[in-house]
Amino acid sequence: MKPDARNPNLDQLDTDFLYHLGLDTSMDLEGMFGDVKYVCMGGSSVRAEDFANKAAADLGFEVPEGGAQPIGKTERCSLFKVGPVISVSHGMGMPSMLIFLHELAKLLDYAGAQDVKFIRIGTSGGVGVEPGTVVVAEEGLNGKLEPAFEQVELGETHTYPTGLDRQLAEEILEARGEIRAQLGKTMGTDDFYEGQGRLDGALKPRYTEADKMAFLKRAHEAGVRNIEMESTAFAAFCLRAGIPAAVVCTTLLNRLQGDQVTSTPEQLAQFSDNAQRLVLQYIRGQLEKAAA
Ligand code: R2B
Ligand code: URA
């Protein structure tokens, strides 16, 4: 975190309880997390565990028999550490993820971890891209196609920019090898159904199929290649904190062709693996470069 972004109020706390992580500053956070360089976050706890075990195998780090074990409490998220990589789940949507971003940024600050990058590895709906394609975000756009994240603080709306680290995005893309991946803008919304213009929610929508297609085409023309539920808050938080950040999402469907996710569990696992592998290929390259 850049020093001028750090909250000076934290100096008044005897112990800071990182409540949702189940960790606090009476613990040896430096010993536990001081060497972290990459925080890889995704919605699901199953995928966080899966990524931790893949990271161990791919990057050559040991895990206990039975696989990587969670650290802290697992009520709200699952956090694993493998070498310099934290793999952690953040739930669905910006409110849940923001809680973890605050607690993870504090955790790493208390631990004295240096030069840490945050990477969200997620799922999304593609816009004009083949399912399974990984989109590395150039920036986050909100549901109005603006590069902005709005937050109400003390009764007033504040707007934060949603740019992402261009160099990091390009380096991740360069690691793609055989994986189908591309740059694109990622739209972040507060809902999976009407917030993403779907016509298959529970309630009668205010819009028609023609309205939906016109919006998705407008989004595509604005550079949007996928839609998910966290990118704008993630980008805005990391930009404020001075943490280099990337959003790397696989696409589960092409929204220009429908709303339902109809792929088989095997296909979905492969799509998810594409984004995880891409990030692992990038991290492996960086660790090899640092060791050379
Ligand atoms: C992608 O997938 C989830 C919704 O299915 C949400 O967390 C997101 O951004
Ligand atoms: N996640 C989303 O938020 N939207 C999709 O269409 C698929 C996954």
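The figures here come from the full heavy-atom set of this structure, side chains too, leaving out hydrogens, waters and symmetry mates. Heads up: numbering here begins at 1 and tracks the sequence. For ligands, and for the atoms within them, numbers begin at 1 and follow the listed sequence.
Using a cutoff of 4.0 Å between basic side-chain nitrogens and carboxylate oxygens, Asp4 and Arg240 are not scored as salt-bridged. The pair Lys117-Asp165 fails the salt-bridge criterion, with no side-chain N (NZ, NE, NH1 or NH2) lying under 4.0 Å from an Asp/Glu carboxylate O.
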For ligand 2, run through the N/O pairs with the protein that fall under 3.5 Å and put one pair on each line.
unit_1   : atom_1 : unit_2 : atom_2 : d
ligand 2 : 3 (O)  : Gln196 : NE2    : 2.9
ligand 2 : 4 (N)  : Gln196 : OE1    : 2.8
ligand 2 : 6 (O)  : Gly125 : N      : 3.4
ligand 2 : 6 (O)  : Arg198 : NH1    : 3.3
ligand 2 : 6 (O)  : Arg198 : NH2    : 2.6

What does the N/O contact table under 3.5 Å look like for ligand 1?
unit_1   : atom_1 : unit_2 : atom_2 : d
ligand 1 : 2 (O)  : Thr123 : OG1    : 3.0
ligand 1 : 7 (O)  : Glu230 : OE2    : 2.8
ligand 1 : 9 (O)  : Arg120 : NH2    : 3.3
ligand 1 : 9 (O)  : Met229 : N      : 2.8
ligand 1 : 9 (O)  : Glu230 : OE1    : 2.5
ligand 1 : 9 (O)  : Glu230 : OE2    : 3.4

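Annotation: salt bridge (charged side-chain N to carboxylate O under 4.0 Å, His left out) contacts of Asp50 (sequence neighbours excluded): Lys54.
Listed by first and then second residue, the ring-ring contact (aromatic ring centres under 6.0 Å, His included) pairs involving residues 201-258 are His102-Phe237 (not counting sequence neighbours).
Put simply, the side chain of Leu239 does not reach to within 4.5 Å of the side chain of Tyr160, judged on heavy atoms.
Because its NZ or CZ atom is both nearer than 6.0 Å to the ring centre of Tyr19 and within 45° of the ring axis, Lys73 counts as a cation-pi partner of that residue.
Within 6.0 Å of the NZ atom in Lys2, the count of heavy atoms belonging to other residues, nucleotides or ligands exceeds 12. Heavy atoms from other residues, nucleotides or ligands lying under 6.0 Å from CD of Glu153 number more than 12.
In the model, Thr162 has no side-chain atom that pairs as donor or acceptor with a side-chain atom of Glu139 under 3.5 Å.
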